[in-house]
Amino acid sequence: MPDIMLEIKNLHVHYGGIHAVKGVSLSIPRGSIVTLIGANGAGKSSVIRSVAGLVKGASGEVILTRRAGDAPLSLLGQQPEDMVRHGIALSPEGRRILPHLTVAENLTLGAWCREDKDGIARDMERVYQLFPRLAERSWQKGGTLSGGEQQMLAVGRALMSQPDLVMLDEPSLGLAPLLVRDIFGIINRINAEGRTVLLVEQNAYAALSIADYAYILEVGSVVLEGPGKDMLANPKVKEAYLGG
Ligand code: ATP
């Protein structure tokens, strides 16, 4: 029996009359990389944004067991800042960094829930090691970074809260092929350092290649699931998501 860190049970998301997520259940074992893949509008962002406390119209259950042996916590309905305090961080899709603040200020903001100055400085150095491009641009305003650099900053900022679980919303979006390879390498390193990863991606090949387990979402429902490597070999997945 794997040690389950996060369980999403029967999650529904309604936006007015739109039923965007229709009873999704996912298990995220501690220390794993789990990916959620699917086409545009399948509901992937809605699932992780619900876990981050950002979706008002979400119902179902989100159960977190922060450390093995701890009592499980029921999270759905809590505020985004509570989720960060519970050790869950979201790196949002696209350019959701603060454009008027510098790279260093954006990263510092990611550590808002911490008071250990030395630890924050160490983690900022660690982010700069992972993303040397950000180190070169620490003084630059976030809004003047390229799309790919902003994506890196969003991932780096999520790491600054020292999360146990990091949720990444399409981290490869808009990146050139070489940078796509880099970002998946970095996700592996983040995981190897002990963080559990929930990865939302449209780049199905890359995501399935690094994922321990994968869920395929279509129009708000999970239609297939299994170990990443099995999904890569699955004829239905090949046809629909891997270009045959
Ligand atoms: P993409 O890969 O294009 O980002 P996704 O799989 O992440 O898509 P979601 O962003 O979760 O999908 O969207 C699922 C559905 O819910 C879409 O039809 C979208 O238009 C709708 N939706 C998402 N957010 C809202 C919102 N705030 N208000 C109304 N509808 C929304």
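Order of listing sets the numbers, starting from 1, for every ligand and every atom in it. The analysis underlying the following values was restricted to heavy atoms, covering all of them including side chains, and did not include hydrogens, waters or symmetry mates.
With rounding to the nearest 0.5 angstrom, the CG atom of D182 is 9.5 Å from the CZ atom of R189. With values rounded to the nearest 0.5 angstrom, E93 atom CD is found 4.5 Å from E170 atom CD. To the nearest 0.5 Å, atoms OG (S25) and CG (N10) are separated by 5.5 Å. Distance OG/S50 to CG/L75: 12.0 Å, rounded to 0.5 Å.
With salt bridges taken as basic N to acidic carboxylate O contacts below 4.0 Å, one links D164 and R66.
Those atoms of ligand 1 that come under 4.0 Å of a heavy atom in E93, given as number and element, are 4 (O). Those atoms of ligand 1 that come under 4.0 Å of a heavy atom in N40, given as number and element, are 1 (P), 2 (O), 3 (O), 8 (O). Of all atoms in ligand 1, numbered sequentially from 1 with element shown, those under 4.0 Å from a heavy atom of A42 are 5 (P), 6 (O), 12 (O). Residue A20 has at least one heavy-atom neighbour below 4.0 Å for each of these atoms of ligand 1: 15 (C), 16 (O). Of all atoms in ligand 1, numbered sequentially from 1 with element shown, those under 4.0 Å from a heavy atom of G43 are 5 (P), 6 (O), 9 (P), 11 (O), 12 (O), 14 (C). Near S45, with a cut-off below 4.0 Å to any heavy atom, the atoms of ligand 1 are 4 (O), 5 (P), 7 (O), 10 (O), 11 (O). Distances below 4.0 Å separate heavy atoms of Q202 from the following atoms of ligand 1: 2 (O).
Taking a 4.0 Å cut-off on heavy atoms, R49 fails to register as neighbouring ligand 1. Taking a 4.0 Å cut-off on heavy atoms, A39 registers as neighbouring ligand 1.
Residue G41 places at least one N or O, backbone or side chain, under 3.5 Å from an N or O of ligand 1.
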Show your working on salt bridge (Lys or Arg N to Asp or Glu O under 4.0 Å) between D169 and R49 and close with a plain yes or no. CA-CA 9 Å; D169 198 348; R49 288 174 56 76; over 6 Å; no

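For CD of E115, the number of neighbouring non-hydrogen atoms (other residues, nucleotides, ligands) closer than 6.0 Å is 12 at most. Within a 6.0 Å sphere centred on NZ of K229, heavy atoms belonging to other residues, nucleotides or ligands number more than 12.
Contact annotation for atom 29 (C) of ligand 1: protein present (non-hydrogen atoms, distance under 4.0 Å).
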